[in-house]
Amino acid sequence: MAYKTIIGLEIHTELMTKTKMFCSCTNAFGGEANTHCCPVCLGLPGALPVINKVAIEYAIKSGIAFNCKINTHTRMDRKNYFYSDLVKGYQISQDDLPLCEGGYIEIESEEGTKKVHLERIHIEEDTGKQTHTTEGDTLIDYNRAGVPLIEIVTKPEMNTPEEARLFLENLRATLKYIEVSDCKMEEGSLRCDVNINIVDTETGNKTNITEIKNLNSFRGAVRAMEYEEKRHIELLQKGENTIKETRRWDEVKGETITMRTKGDVADYRYAADGDLAEIVIEDSRIEEIKNNLPELPHHKKERFISDYDLSEYDAGVLTASKELALFFEETIKYIDDSKLVSNWIMGDVLRRLKDEEIEIQDTKLTPKALGELINIVKDGKINNNTGKKVLKEIFDTGKEPETIIKEQGLVQISDEGALKEIVSKVLDENEQSIIDYKNGKDRAIGFLVGQIMKASKGKANPQMVNKMLIEMINER
Amino acid sequence: MDITKLSAFEMRKKISKKEISSKELITAHFNRIEEVEKDINAFITLNKEEALKSAEKVDEKIVKGEQIGLLAGLPIGIKDNIVTKDLRTTCGSKMLENFIPPYDATVVTRIKEADGIIIGKTNMDEFAMGSSTETSYFGPTKNPIDTERVPGGSSGGSAAAVKSNEVALALGTDTGGSIRQPAAYCDIVGIKPSYGIVSRYGTVSMANTLDQVGVFGRDVKDAVFMLSAITGYDKKDSTSFNNPEGTIIFGSFPEEIDYRDYLKGMKIGIPREFTYEGMDSRINEEIKKSIKIFESLGAEIEEISLPHIEYGLAAYYIISTSEISSNLARFDGVRYGYRAKEYNTLDELYTNSRTEAFGEEVKRRIMLGTYSLSRGYAEDHYKKALKVRTLIKNDFDKAFSKYDIILSPTCPILPFKLGEKAKNPLAMYMGDLFTVPVNLAGLCAMSIPCGYVEGLPVGLQIIGDRLKEANIIKAGLGFEGGVKNGL
Ligand SMILES: [Zn+2]
């Protein structure tokens with residue numbers, strides 16, 4: 001039997017404007033509860049919203065980056081429902097006239113390049129945040145109320161959790177590239193709802209769509225989708241069907257749990273928000289934003305391949321984050337060897353970032369320091385292994401590579417006299433190895449080199465040592 | 001001399017000439033309030049201590065020869081759906097019985113900046129829903145002309161306070177006639193300006209696309225005086241209109257001009273639709289007499305037709321209740337205002353709080369509006385009503401391409417007795433028949449006293465085009481001058 005998974009995503013992203021959507025309160029994350037609030041974002045009686053033009057601009061930027069059509073005449077609507085984190089009894093959102101329509105994001109799936117189409121991107125305000133205490137009280141923090149969001153809705157065009165993950169990564173990279181959102185999932189600035197169901201491609205039978213709400217990590221999203229895939233297939237095999245419902249992902253138990261069943265569809269009684277005038281966007285403004293859009297990830301990747309002669313894989317890794325790409329391009333200002341720089345970043349630098357779970361911009365390593373270090377190694381002043389040690393030291397202390405080399409006396413020994421002294425001392429101490437070598441055991445050379453490096457504290461020039469060693473053994 | 005009987009304009013003159021002090025004036029008004037308030041009940045909250053302090057500050061300014069504002073030292077009443085910082089704002093509801101706003105409405109800021117003295121918050125129909133000020137949680141206001149009768153609504157407290165000399169000027173709000181109708185019932189002048197020329201920021205929304213803050217005065221000059229002080233663009237209100245030319249400056253209507261000159265050549269339309277069977281014919285007689293005054297002062301009168309006006313009331317109740325259902329959702333007992341003592345779930349907290357704290361009329365309108373906006377009904381009700389609204393707007397646009405003003409009765413009936421219509425909301429709604437179309441179209445209008453039927457006042461409505469306040473003011477000044485001069 002063959003099954004096809006159908007996945008659609010709804011992504012909420014907080015825009016990193018300075019102020020909130022409808023007032024001049026700060027949009028900064030956190031802060032003591034209910035301190036980033038005014039009558040407008042608290043929806044106090046009499047307060048009126050005034051739209052944040054920067055938020056509209058950021059939403060347009062996103063629309064352009066995702067190839068959407070931008071509606072030049074749009075408006076804000078009220079979505080009416082009761083919830084305690086909602087201050088006005090309605091959320092200001094967009095209904096039938098979203099700011100952006102259509103568009104797509106490209107992903108590199110197993111079957112090659114695939115376009116995942118978008119339904120729409122609309123703007124709306126965030127609500128407050130609830131915490132439930134162990135005593136059973138509910139505390140509400142409205143600092144987040146009125147924070148500008150865009151909601152990106154895809155068509156149900158992804159067919160594996162992996163495709164959904166690729167989509168999300170691409171989406172996040174792009175939003176960060178165009179600097180409209182920091183996409184920090186742990187701070188809630190990127191949240192994702194998944195709609196998933198399964199079709200039996202032979203019989204045409206399918207399960208009802210399940211919605212998984214508020215996934216706040218990519219890993220969680222993928223695991224939840226995998227869990228649902230399995231659950232839906234089992235139901236199909238049993239000849240049962242899922243009910244149309246909303247579930248949530250329990251990270252600890254590793255399973256999804258029913259939140260509510262969609263017996264009847266919620267009636268939000270949408271109506272235009274008469275407190276806000278129609279939003280009119282000039283074509284020239286859209287053109288201007290388009291022209292000022294920074295280079296997008298896939299463009300940058302193509303440029304890296306052609307300009308720096310990198311492999312597709314390397315270019316992909318280096319452009320996955322804007323900061324890493326910037327770091328790469330800054331480093332090659334100090335050493336004109338893009339492949340060598342790529343090797344260093346792809347190797348030791350990324351390994352350290354992964355081990356320490358930090359981003360490149362949060363480290364003590366500067367492009368200048370890396371460039372200088374690579375130069376030093378390339379010139380043979382220190383060897384490769386010492387270079388790696390120095391890199392670690394830079395990560396830890398932020399010192400200049402020259403300083404570290406000087407302080408720790410790491411300069412490679414290339415002086416013939418000095419090396420001769422070390423080699424003959426090692427040969428004196430290892431008569432047996434000389435005999436072994438002369439009896440045809442080549443491995444003995446490796447051992448001897450190791451001993452020499454050890455005796456030189458790793459500073460001996462390896463090429464010279466290799467050459468010198470054979471000569472000196474033969475002389476004996 | 002009883003200084004509370006002076007016009008606001010005269011009070012302002014005497015204060016600036018140091019003939020009276022503001023403190024004297026404000027004290028006289030609080031004495032007057034003490035005297036009549038038990039019979040009138042125009043106020044929900046008084047602001048005596050603050051008012052006297054502010055009056056002293058104004059007096060100090062005058063003594064020091066400093067510049068003083070347009071409303072310097074004048075006693076002013078504010079309808080209780082306009083928020084005042086640190087001063088209780090109830091909207092006439094149990095829901096907000098103890099609500100103390102942390103901010104001032106823009107109109108309040110403007111009054112304070114103009115050195116006006118806020119005497120207190122005036123009584124009103126709960127959340128501005130009603131036409132008699134009987135739906136107030138704080139008890140009905142009584143009409144100073146006949147305390148057995150209602151003062152009109154929903155700004156009845158403001159109208160009654162001005163009529164009974166408890167304040168010189170007052171603010172009201174008008175969503176479907178709530179300034180003009182009480183002005184007519186209380187025999188004073190009320191102006192509902194064009195939508196957007198006075199900021200709504202800080203005015204608790206009833207139906208936000210119809211609501212408009214406006215003014216009461218005992219004569220046209222006073223009302224215009226007050227309007228000048230509060231008009232103007234406000235960046236905190238997106239629907240606020242940036243129209244420097246349209247701003248009403250009192251100085252543009254100087255005293256020297258003879259009242260007769262205001263009406264010469266003015267083109268006036270009388271809509272034939274503004275009469276109906278249930279209307280009090282004696283009111284019509286008074287209106288006809290008034291039209292004669294306009295004619296005798298040189299205005300050109302013609303009958304006109306506004307064909308869609310008959311659907312105005314139906315469209316109004318659908319649109320306003322729809323907006324009400326949304327605007328009043330924030331009163332949920334979670335953050336401020338009344339919260340039910342007993343509940344088990346979040347839903348019960350909402351339901352019980354709203355059930356216990358909202359009055360009957362408010363609940364009725366929320367239910368109607370929720371229905372009109374519901375899936376499956378919005379097309380037949382809400383969206384159709386919006387179309388009717390456009391047709392009515394078009395009718396007026398057509399009329400104002402030819403006429404400067406339109407005249408009609410303000411109300412089809414005379415002030416009725418307290419309790420008389422309380423059991424019949426539909427009859428009460430009919431009272432707004434002539435005022436509602438003005439709000440649907442965003443126009444400006446004034447109600448001005450024009451005669452009496454058995455001692456009860458009749459109001460004449462002068463309607464002007466959007467942002468053409470100057471036309472209704474000229475018409476008001478001309479007509480008032482004619483009446484004063486025995487025409
Ligand atoms: Zn705010």
Side-chain angles (χ1 to χ4, degrees), chain A residues 21-24 34 37-53 75-92 95-96 127-128 130 132 136-142 145 264-279, chain B residues 81-83 89 91 95-96 99 101-106 127 196 199-205 207-211 234-240 319 322-323 325-337 346-347 349-351 354 369-378 382-383 386:
Chain A
M21 189 82 197
F22 300 112
C23 63
S24 54
N34 298 308
C37 297
C38 74
V40 176
C41 55
L42 286 177
L44 288 191
L48 294 173
V50 176
I51 208 151
N52 182 343
K53 283 188 184 141
R75 57 147 205 272
M76 301 307 296
D77 298 299
R78 291 181 179 184
K79 182 180 179 179
N80 293 286
Y81 64 96
F82 283 96
Y83 204 63
S84 49
D85 65 6
L86 187 66
V87 294
K88 298 184 287 293
Y90 58 85
Q91 187 178 15
I92 305 178
D95 180 27
D96 50 2
T127 59
Q130 298 195 18
H132 304 283
D137 290 326
T138 301
L139 305 175
I140 316 177
D141 176 7
Y142 292 107
D264 44 1
V265 197
D267 182 359
Y268 290 118
R269 289 175 282 116
Y270 276 107
D273 191 335
D275 285 338
L276 291 158
E278 191 194 30
I279 302 165
Chain B
N81 58 349
I82 298 171
V83 304
T89 301
C91 290
M95 181 60 88
L96 293 178
F99 179 62
Y103 75 109
D104 272 330
T106 298
F127 283 104
S199 169
R200 283 188 299 116
Y201 187 79
T203 302
V204 181
S205 291
N208 51 310
T209 69
L210 300 159
D211 295 341
D234 179 13
K235 65 176 184 339
K236 288 191 215 155
D237 176 356
S238 300
T239 60
S240 161
I319 293 169
S322 296
E323 292 181 7
S325 74
S326 176
N327 288 327
L328 266 67
R330 69 189 66 197
F331 304 106
D332 57 7
V334 174
R335 292 162 303 280
Y336 49 79
L346 184 59
D347 276 347
L349 180 140
Y350 298 143
T351 311
R354 288 165 71 84
T370 304
Y371 176 82
S372 298
L373 279 183
S374 300
R375 190 192 297 270
Y377 301 101
Y382 180 64
K383 287 181 184 160
L386 290 179

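The sequence lines fix the lettering, A, B, ..., with proteins before strands; numbering per chain opens at 1.
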Minimum heavy-atom distance between [X] and [Y], given as atom pair plus value:
| X | Y | result |
| --- | --- | --- |
| B/Val204 | A/Pro45 | CG2-CB, 3.7 Å |
| B/Ser325 | A/Arg269 | OG-NH1, 4.1 Å |
| B/Arg375 | A/Asp267 | N-OD2, 2.8 Å |
| B/Thr239 | A/Gly274 | CG2-O, 3.4 Å |
| B/Ser238 | A/Ala277 | CB-N, 4.4 Å |

Chain A contacts, top residue of B/Asn81, B/Asp332, B/Asn327 (heavy-atom pairs, under 4.5 Å):
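Maximum pair count with chain A is reached by B/Asn327.
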Measuring heavy-atom distances to chain B, does A/Asp275 have an atom under 4.5 Å in its side chain, in its backbone, in both, or in neither?
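The answer is both parts of A/Asp275.
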Contacting moiety of A/Leu86, where chain B heavy atoms sit under 4.5 Å:
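Just the backbone, heavy atoms under 4.5 Å.
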Measuring heavy-atom distances to chain A, does [X] have an atom under 4.5 Å in its side chain, in its backbone, in both, or in neither?
| X | answer |
| --- | --- |
| B/Ser322 | neither |
| B/Lys383 | neither |
| B/Tyr377 | neither |
| B/Thr203 | backbone |

Checking A/Tyr142 against B/Arg335 for the side-chain contact (heavy atoms from CB on, under 4.5 Å) test, could you report, in this order, the C-alpha distance in whole Å, the side-chain angles of both residues, the deciding distance, and whether it holds?
CA-CA 11 Å; A/Tyr142 292 107; B/Arg335 292 162 303 280; 3.6 Å; yes
Do [X] and [Y] make a side-chain contact, defined as non-hydrogen atoms from C-beta onward lying under 4.5 Å apart?
| X | Y | result |
| --- | --- | --- |
| B/Asn208 | A/Asp273 | yes |
| A/Ile140 | B/Val334 | yes |
| A/Phe82 | B/Asp347 | no |

Of all of A/Leu44, A/Asn80, A/Ile51, which one pairs up most often with chain B through heavy atoms under 4.5 Å apart?
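Looking at each option in turn, the highest pair count goes to A/Leu44.
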Taking only residues two or more places apart in sequence or in another chain, which ones pass salt bridge (charged side-chain N to carboxylate O under 4.0 Å, His left out) with A/Asp141?
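Listed in chain order: nothing, the list is empty.
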Give the C-alpha distance, both sets of side-chain angles, the deciding distance and a yes or no for side-chain contact (heavy atoms from CB on, under 4.5 Å) between B/Lys235 and A/Val50.
CA-CA 8 Å; B/Lys235 65 176 184 339; A/Val50 176; over 6 Å; no
Can you check whether A/Ala47's main-chain N or O pairs, donor with acceptor, with B/Tyr103's side chain at less than 3.5 Å?
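Checked: pair present.
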Between A/Val40 and B/Tyr201, is a side-chain contact (heavy atoms from CB on, under 4.5 Å) present by the stated rule, with each step listed?
CA-CA 10 Å; A/Val40 176; B/Tyr201 187 79; 3.7 Å; yes
Interatomic distance, A/Leu48 atom CG to B/Thr106 atom OG1 [nearest 0.5 angstrom]:
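It comes to 8.5 Å.
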Testing the 3.5 Å rule here: is there a donor-acceptor pair between the side chains of B/Arg330 and A/Tyr90?
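Short answer, yes.
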